[in-house]
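A quick write-up on the structure given underneath.
Here is the naming used below: chain letters follow the sequence lines, and residue numbers restart at 1 for every chain.
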Amino acid sequence: MSHSLVSFDFQQLQSKWSALWLQKNLYAVPSSSEKPKKYVLVEFPYPSAAGLHMGHCRNYSMMDVYSRYFRMKGFNVLYPMGWDAFGLPTYNYAMKVKRDPHEVSAENVLVFKRQLQELGLSFDWDREIDTTDPQYYKWTQWIFVQLFNHYYNAEYTREDGGKGMARPMEELQIPPEVSDEGENAVREYQDLYRLAYKAKMPVYWCPFCKSGVANEEVTAEGTHERCDTPVEKRELEQWMLRITAYADRLIDDLTMVDYPLSVKSAQSNWIGRSEGITITYPVKGTDHSVTVFTTKPETNFGATFIVAAPDSNFIKTHSDLFPNKEAVDKYVSESLRKSDIQRLAEGKTKTGVFTGMYAVNHFTGKDMPIYVSDFVLGSVGTGIVVGVPGHDLRDFDFATTMGLEVVRVIVGEDKDESFIKEKAQIIQEGTVVNSDFLNGMNADDAREKIMSVIEEKGYGKRQKNYKLRDWVFSRQHYWGEPTPMVYCEHCGWQAVSFNELPVELPRLDDYAMGEDGSSPLEKAEEWKKTTCPSCGGAATRETDVMPNWAGSNWYYVRYLDPKNDNELVDKKVVKDWMPVDIYDGGSEHVTLHLLYSRFIYKFLYDLGTVPTQEPYKVRRIHGVVLGPDGKRMSKSKGNVINPDEIVAKYGADIVRMYVMFMGPYEGNLAWSDETLNGVRRFLNRVSDRIVEKIASPAVSEDTKITIQLEVLAHRIGSDITALKFNTSIAALMEFLNAHESVSWTNKQIATFLTILAPFAPFLAEELWSQLGNSESIHLEQWPKTRENDDSGTIEIPVQINGKIKARIHVEKNMSQENVIALFIKENAQFADAVAGGKVVYVPGKILSITAQG
RNA sequence: GCCGAAGUGGUGGAAUGGCAGACACGACGGACUUAAAAUCCGUUGCCCAAAAGGCGUGAGGGUUCGAGUCCCUCCUUCGGCACCA
């Protein structure tokens, strides 16, 4: 491999300096310090067999510059790294090559670590964590046990004044009629409230991964987001986490954090809170009733029918009463066979069957026929909706198909009461009509009014509804944290006691998943056998493991105290460091990982383990490095750029600076060898010119260069703070372009190298030592800064009626009067314009004149 | 449909309401070289032969001495959510 393209011997520099930095443990971060703290977090990678991706290089390099800058500014900066090694890719790969995932994972970690170290990233390796290390997952399991041992008291007022808190199970009030029935009844009652609970329910199942997957991991196309296989639904008994208990806090606390608006809205869309009311209508001729949920009760005078979902409880429990039972049963069994995806694919034509029963509208007294239709989802609200065809597009479609009455109850300014489809919606700021006591009110007031009436008369109750579902937390895999639960015939599910943690993953002869979907751990007969923590009798271990999110929910807390064997984290240490000051990551994690980790962190907050309500003060979303063809890099497209090859060819400094220079932080940017060449030329010039300047430094100081260096230090500092790494590098280039042909003093050379150091740590260190320094440049303070050069003269444009007509040289601090006088002296032809017009002088920027007429 | 982001040269992209196109790539011309690579110098938004001049930040309005930037109305692209009641 030829180095002739690079004018410095980067291989020699890298091996020399990285060895020395490691030996001196240059980037070790003390847990406590007089300095202000800054916690810089990047998403930790799963170490796949393919090695580091170019995207990792870019993201970690950018935040490395950020960390190095703040270190030089006097902060105690924590920039840690670890391994999210329980990822599915590692497991799938191990299965493919038929090896123990432990071994494969350990090898991958070594490759990743070597690659990261070669890039000169300033991680504190003493704090390295690995989610597959039993000393780490001991605490992942501990969190699970705590979830099992707590319930959510939504009425509890916390110390911070907020409402709702996880409380120990012992505090849960057991109704007397339950405790009268004995121990088993009490246990069953408690199980209904635990934050981790086992439930048999239809869950998505991935036939490729042979495992259940969370709703959140299924794409809109109905495929598993990890492997793109279409998912099925199966009934499985699974551990669930009651994330829904935290739904309000997960939405409301977004006001406490600085995330991009798009991220906040993705989070709250995902949780999908809607506020409305339930209404219970009597079923005509029976003593039964039907309960709907609606967010638009002000339209209730326009309600003309009721529709229940095929899988709703109402249909299940009333089917024998329906006059049209036969037709209903047929429809229900047909639609239950269809998947959600199928139903949606069948298009907009609504189908349904009349049950033969009627509900009575409280307000109009009219009979509303009760239908069953699959456009209503059993899992949403009460699984039953009230049809208001005048103001809902779906209801309108259904009414049209079934020939049902349409009543208009809200009109816009045009007062048009016709029933065309386009008008079948709520009119913003509309006026209520045809609605008795609501007539003439605007829609918002009418909603409040009718909700109060509904509650007063006992027809229903205000309620919040969420799209968010509880989190399926079981996977039928091998490569995950064992769920620390045992099953006892007498005592039911019991948590493993603290001194038994961690429950280690047993080694197996065959790690493959069972064809029937059973966990590979089912085969660990000896491991499965255990004793019940409660009665001491024989018990069996849970064989499902946790999903790959489990370890990444809380890893940023463990970095603070990675070797603590007595607590998840030391109380004082976590108080000193949290929250994370900036969390850099990808857009693919803005819903799931962010939501899950915020949930678990809030739970830890309720336990008193962590000191703040939110884990991440600032979240930023970096862009993606695309292949040279502008598409996402992938093996199958053959457009993958391998970091090892590029680093071997150009060296770490050039690669680091190129990936930052290629475009803005948040941009998705195509790889370009040509642009990389520009950076290579720049660093060659830096090396060549600085070596020359060291050989013959200036004898007397050119203060202009000194001032320009101070301006440069300021500009780059503020650019780095704003994550504008591309323009920082442009500023370095501009400076060298302007001053490369003259000699600098040693002091000036030193300052320039200090500013360069965060970007090109190896070359800067080398030239620094050639300058005669024995300590590392990376322990230097950031140089003196100056906001702008306000000495000397400057050329400014003169704008007349919006057009540049002249240029004048002015002193930077000259007054408006003097500038105008100077202008007229040099440009007498504009004297009249100035005298009769409006004149604005923006110091150092522009002189603007607007002539009259 | 709802929510969010973004539209600037041949390309990636700069620009606290103040000289649009910084910086870099590419292209063209030149120097060096037997030649290539590497390096160095010059030109490079568009129109016009050039100068002068004019036109230019998706479109159209507006605010302002001054708008890529702020406001209104559109268009287009990308991302997220979606028969969510």
Side-chain angles (χ1 to χ4, degrees), chain A residues 2 4-7 220 260-274 276 292-297 299 307 309 340 343-344 346-348 350 373-377 379-388 391-395 397-398 425 465-468 587-588 590-591 621 630 658 661-664 666-682 684-685 688 718-719 722 724 726-737 787 794-804 807 837-851:
Chain A
S2 155
S4 66
L5 288 174
V6 182
S7 70
L261 203 58
S262 61
V263 175
K264 287 191 183 188
S265 96
Q267 292 266 302
S268 63
N269 276 347
W270 193 269
I271 297 166
R273 177 166 67 192
S274 54
V292 303
F293 173 77
T294 174
T295 56
K296 310 252 179 334
T299 61
V307 189
D340 291 359
R343 278 194 309 109
L344 287 177
E346 280 171 18
K348 299 260 183 281
K350 303 235 181 310
S373 170
D374 65 7
F375 87 85
V376 177
L377 304 176
S379 55
V380 176
T382 62
I384 309 171
V385 300
V386 55
V388 185
H391 299 282
D392 183 284
L393 288 170
R394 297 154 304 183
D395 294 351
D397 285 341
F398 190 76
Q425 54 190 291
N465 193 42
Y466 305 90
K467 283 198 286 192
L468 186 69
S587 58
E588 70 275 26
V590 300
T591 41
I621 310 296
Y658 164 61
F661 184 65
M662 65 195 295
E666 67 281 355
N668 298 327
L669 302 152
W671 182 268
S672 155
D673 287 326
E674 285 87 4
T675 305
L676 184 146
N677 254 321
V679 175
R680 176 180 63 78
R681 284 184 199 130
F682 171 67
N684 279 348
R685 263 166 58 218
D688 294 347
S718 58
D719 275 2
K724 290 159 74 170
N726 53 334
T727 53
S728 309
I729 293 169
L732 282 167
M733 290 171 168
E734 278 177 64
F735 182 86
L736 191 70
N737 289 348
E787 206 164 328
I794 189 176
E795 185 188 73
I796 62 159
V798 182
Q799 196 177 57
I800 295 174
N801 293 335
K803 301 225 181 284
I804 308 292
R807 288 170 186 282
K838 175 166 185 170
V839 181
V840 177
Y841 174 58
V842 184
K845 295 281 186 192
I846 198 168
L847 178 65
S848 173
I849 296 156
T850 310

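For A:R394 and B:A82, the shortest distance from a side-chain N or O to OP1 or OP2 is not below 4.0 Å.
Distance check on atom P: B:A5 versus B:C70 gives 12 Å, rounded to whole Å. Separating the P atom of B:C19 from that of B:U57 is a span of 15 Å, rounded to the nearest Å.
Which of B:C23, B:A14, B:G26 sits closest to the side chain of A:R681 comes down to B:G26. Closest approach to the A:L669 side chain among B:C65, B:G12, B:A24 is made by B:G12 (side chain taken as heavy atoms from C-beta onward). Out of B:C81, B:A85, B:A24, the shortest distance to the side chain of A:T675 is found at B:A24. Closest to the side chain of A:N726, from the set B:A85, B:A14, B:G26, is B:A14. Distances were taken from every side-chain heavy atom of A:R680 (C-beta onward) to each of B:C23, B:G4, B:U39; the shortest belongs to B:U39. Of all nucleotides listed (B:C23, B:C84, B:A5), B:C84 comes nearest to the side chain of A:K467.
Atom P of nucleotide B:A24 and atom CG of A:D673 are separated by 19 Å, given to the nearest angstrom. Atom CD1 in A:I271 sits about 13 Å away from atom C1' in B:C81, given to the nearest Å. Put simply, CG on A:N677 is 19 Å from P on B:C23, counting in whole angstrom units. Between the CH2 atom of A:W270 and the C1' atom of B:G4 there is a distance of 16 Å, given to the nearest Å. Per the geometry, CZ belonging to A:F661 stands 4 Å off C1' belonging to B:A24, to the nearest Å.
Taking the ring centre of A:F398 as origin, the terminal cationic atom of A:K350 falls outside the region bounded by 6.0 Å and 45° from the ring axis.
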Query raised in the report: Under the ring pair (Phe, Tyr, Trp, His ring centres under 6.0 Å) criterion, do A:Y658 and A:W671 qualify, and how do the steps go?
Result: CA-CA 10 Å; A:Y658 164 61; A:W671 182 268; 4.8 Å; yes

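Annotated stems with RNA chain B as a participant read B:1-7 with B:75-81, B:10-12 with B:23-25, B:26-31 with B:39-44, B:45-47 with B:53-55, B:58-62 with B:70-74, given as range with range, by first number; only runs of 3 or more Watson-Crick or G-U pairs under 3.5 Å qualify.
One donor-acceptor pair, N or O on each side, does fall under 3.5 Å between the base of B:C83 and the side chain of A:K350. For A:S848 against B:C65, a side-chain N or O and a base N or O form a donor-acceptor pair under 3.5 Å.
Not one N or O on the side chain of A:Q799 forms a donor-acceptor pair closer than 3.5 Å with the backbone of A:I849.
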